[in-house]
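Notes for the one structure printed next.
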Amino acid sequence: MMKYLSIIRNCKVAQRWSFSHATCALSPSPSFSSKWNCKRLMVRRLGTDIPTEDRNYYITTPIFYVNASPHIGHLYSAVTADYLHRYKLLQGFNSRFATGTDEHGLKIQQAADAAGQDPLSFCTKVSERFKHLFKSCHISYTDYIRTTEERHRCAVEHFWTVLQSKGFIYKGNYEGWYSTQDESFLTPSQVGDAKDSSGKEIKISLESGHKVEWMIEENYMFRLSEFRSRLQEWLEGNPRAVQPERFHHAVLQWLQEDLPDLSVSRQRSRLQWGIPVPGDLDQTIYVWLDALVNYLTVAGYPDTHSQWWRAAHHVVGKDILKFHAIYWPAFLLAADLPLPQTIHVHSHWTVGGKKMSKSLGNVVDPLERSQRFTIDGMRYFLLRQGVPDTDCDYDDDKVVKLLNAELTDSLGGLLNRCTAPSLNPAQVYPHFCSDSFPSQGTEAHKGRAVDEDYHMLDAVRALPAVVEQHYESVHVYKALEAINRCVRQTNGFVQRHTPWKLGSGDGRDQLWLDTILHVSLECLRMYGTLLQPIVPEMADKLLSRLGVKPEEKSWAALDFLVKYQGKDCPFEGRALGPDTGVLFNRLERPNAEKGKPKKAKKATKVKS
Ligand code: ME8
């Protein structure tokens with residue numbers, strides 16, 4: 001049955017995507033207009049042909065522990081889920097986006113004790129910090145869940161009862177290693193020797209480096225070992241269930257190893273801060289079982305979850321892959337619930353090569369950085385620089401260099417040039433003249449466009465499909481790299497034709513000047529539309545400056561340069577929006593400038 005469902009699901013996805021690619025592939029050497037049509041068809045299909053239930057999209061972040069304040073790594077997961085949510089909305093999906101905080105367990109109990117506070121007030125305080133960060137950074141979540149909420153307790157109790165009634169939970173004796181920092185049970189092969197700061201011999205988790213302790217307890221066990229082959233089947237039948245591919249392989253590899261039953265409760269005498277096991281008040285439900293169910297709680301479990309649960313996608317850091325790609329699917333299979341569609345895994349932000357983490361005390365404050373580099377600046381940097389497959393080192397200097405180069409100079413410079421009153425005194429979206437920029441082929445020699453200009457059109461026309469592909473696979477940096485490459489090409493186009501030398505009153509020159517500006521603004525409209533999920537405020541500023549109306553900002557409006565095809569362009573002749581200043585202000589380099597006399601450097605601005 002599972003296999004059958006996954007085949008149907010894969011077919012639907014394949015249909016949706018192959019539609020565009022197949023159309024493209026039919027043309028041996030697709031011309032600008034045939035590739036163009038292919039794109040239009042795909043957008044139309046996304047807009048109208050998908051059955052309503054397939055238009056739901058439910059994206060989640062991990063729920064974060066409240067033992068300390070949020071850092072850049074947490075913001076990265078949230079920004080990743082946020083762009084997916086915004087992107088899906090722009091495509092016309094009904095999208096739901098959940099984030100929140102994980103508030104139970106020994107680690108939180110100990111942190112609250114250490115702070116001398118009662119656990120709930122402690123959790124509330126830190127949970128509010130996460131909420132504040134996310135709101136400040138324009139994380140547009142639709143649901144914020146705290147595991148101390150009543151609705152969640154009901155969902156967890158119900159879920160537990162289902163697993164127990166189906167015979168997947170039994171009382172047993174757990175004897176083995178436990179890491180409180182990771183809230184994780186470990187097998188002997190996952191444990192190694194180390195010394196603590198006082199030189200004492202200790203045992204640590206080989207994966208996280210956190211200290212582990214031997215524990216012997218009578219508690220409830222989940223029959224995880226029974227699920228090995230079903231998990232393998234799921235992964236083999238759904239090669240894109242865990243992305244990127246290397247993590248998919250990692251999970252399959254783990255499934256070849258020992259998969260013992262999992263302890264899913266702790267004795268109440270040791271852990272009071274959690275949800276009691278239904279019917280046995282001496283035991284508290286294991287915090288990971290409790291936490292994972294949050295995704296169902298938000299979806300409306302146990303009463304109204306099916307509509308959203310079928311559309312669930314998770315964003316997680318690689319540190320919690322095992323919990324999401326082994327324990328969670330096993331719990332869901334046991335409860336007869338569908339498995340998540342995708343688990344998008346990302347690697348870690350490091351500082352000086354070490355994972356940024358609360359326990360190592362090397363965290364970068366995301367709120368302070370988003371004030372210093374702006375919210376969109378931080379969002380852009382994290383998504384442009386973060387690579388899902390490999391860890392990425394955080395460095396303020398890198399942030400400044402990247403944002404100055406790509407947002408201030410490249411994109412901001414292009415917008416400035418093309419909207420400057422000196423080139424565009426009427427402040428309108430200028431007219432396109434097909435005699436100046438005729439269709440490629442026999443007519444081309446009659447116009448003023450050169451080969452590179454046609455290459456640029458090809459690249460920008462192909463851009464939405466390229467960006468979509470990378471947004472879908474969460475290789476955002478590749479999408480942003482592609483956009484940035486096109487922005488550079490458009491800057492090259494403007495530079496090549498020096499429009500500032502064309503405003504001499506000669507009629508033909510004026511038509512060519514208008515055409516250069518029209519093409520450039522069309523390119524900018526594409527970039528602004530595609531960048532909305534990443535830098536919402538900046539993209540909005542850009543599109544508003546071009547005079548694009550709110551209803552023209554969706555994915556369906558990614559029709560590039562329709563005048564080139566002889567069709568009417570709704571923007572032509574329309575007044576530009578008001579000039580609200582430079583798109584992205586140049587940032588000061590953090591340390592390099594210290595001690596040097598400061599030379600005020602402004603964003604490139606063409607004289608008006
Ligand atoms: O594990 N780089 O919570 P947590 C990138 N409550 N991302 C990072 C990161 C880093 N250096 N550090 C943390 C938990 N993250 C559980 C989750 S879900 C049902 C329960 C991000 O506060 C990344 O997404 O330790 C990682 O997986 C998550 O925060 C861990 O957050």
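Model, not experiment: these values are computed from the prediction. Remember, it's 1-based here, ligands and their atoms both numbered in the order they're listed.
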Compute the minimum heavy-atom distance from Trp288 to ligand 1 and say whether it is under 4.0 Å.
yes

Nearest candidate to atom 18 (S) of ligand 1, where distance is taken over non-hydrogen atoms, out of Trp349, Tyr295, Phe130:
Tyr295

Pair Glu233 + Arg230, salt bridge at N-O below 4.0 Å
no

Here the pair of heavy atoms bringing Ala291 nearest to Asp102 is CB-OD2, 3.4 Å

Of all the atoms in ligand 1, which lie at a distance below 4.0 Å from a heavy atom belonging to Lys355?
11 (N), 12 (N)

Could you tell me, atom by atom, which parts of ligand 1 come under 4.0 Å of a heavy atom of Ala291?
19 (C)

Option whose closest heavy atom lies nearest to atom 23 (C) of ligand 1, chosen from Gly105, Ser77, Ala68:
Ser77

Taking heavy atoms and a distance under 4.0 Å, where does Lys318 meet ligand 1: side chain, backbone, both or neither?
neither

Under 4.0 Å from a heavy atom of Gly73: give me the atoms of ligand 1 that qualify, with their elements.
2 (N), 5 (C), 7 (N), 8 (C), 9 (C), 10 (C), 15 (N), 21 (C)

Which is closest to atom 26 (C) of ligand 1 by heavy-atom distance: Leu292, Asp319, Thr61, Val316?
Asp319

Do the charged groups of Arg228 and Glu257 touch, with an N to O distance under 4.0 Å?
no

Quick one: are the ring centres of Tyr174 and Phe185 less than 6.0 Å apart?
yes

Would Gly386 count as a contact residue for ligand 1, given that I'm defining contact as a non-hydrogen atom of the residue lying under 4.0 Å from a ligand atom?
no

Out of all atoms in ligand 1, which are within 4.0 Å of some heavy atom of His324? Include the element for each.
18 (S), 19 (C)

Out of all atoms in ligand 1, which are within 4.0 Å of some heavy atom of Pro62? Include the element for each.
18 (S), 24 (O)

Does Lys171 have more than 12 heavy atoms from other residues, nucleotides or ligands lying within 6.0 Å of its NZ?
yes

Can you tell me which portion of Met356 lies within the under-4.0 Å heavy-atom range of ligand 1? Options are side chain, backbone, both, or neither.
both

Closest candidate by heavy atom, reference atom 13 (C) of ligand 1, pool His71, His314, His348:
His71

Please name the residue in the list Lys355, His346, His348, Lys318 that meets the side chain to side chain donor-acceptor pair (under 3.5 Å) test with Asp391.
Lys318

Suppose I only count heavy atoms of His346 and a 4.0 Å limit; which atoms of ligand 1 are within that range?
5 (C), 7 (N), 23 (C), 24 (O)

Using the rule ring-ring contact (aromatic ring centres under 6.0 Å, His included), only one of Phe222, Tyr327, Trp328, Trp234 pairs with Phe227; which is it?
Phe222

Could you pull out the closest heavy-atom pair between Val162 and Tyr301, with the gap in Å?
CG2-OH, 3.9 Å

Note: ligand 1 atoms sitting under 4.0 Å from heavy atoms of Asp102 are 6 (N), 16 (C), 20 (C)

Once rounded to the nearest 0.5 Å, what's the spacing between atom CZ of Arg268 and atom CH2 of Trp273?
10.0 Å

Atoms of ligand 1 under 4.0 Å from any heavy atom of Asn294, numbered from 1 in the order shown, are 19 (C)

Pick one: which of Tyr295, Phe97, Tyr57 meets ring-ring contact (aromatic ring centres under 6.0 Å, His included) with His313?
Tyr57

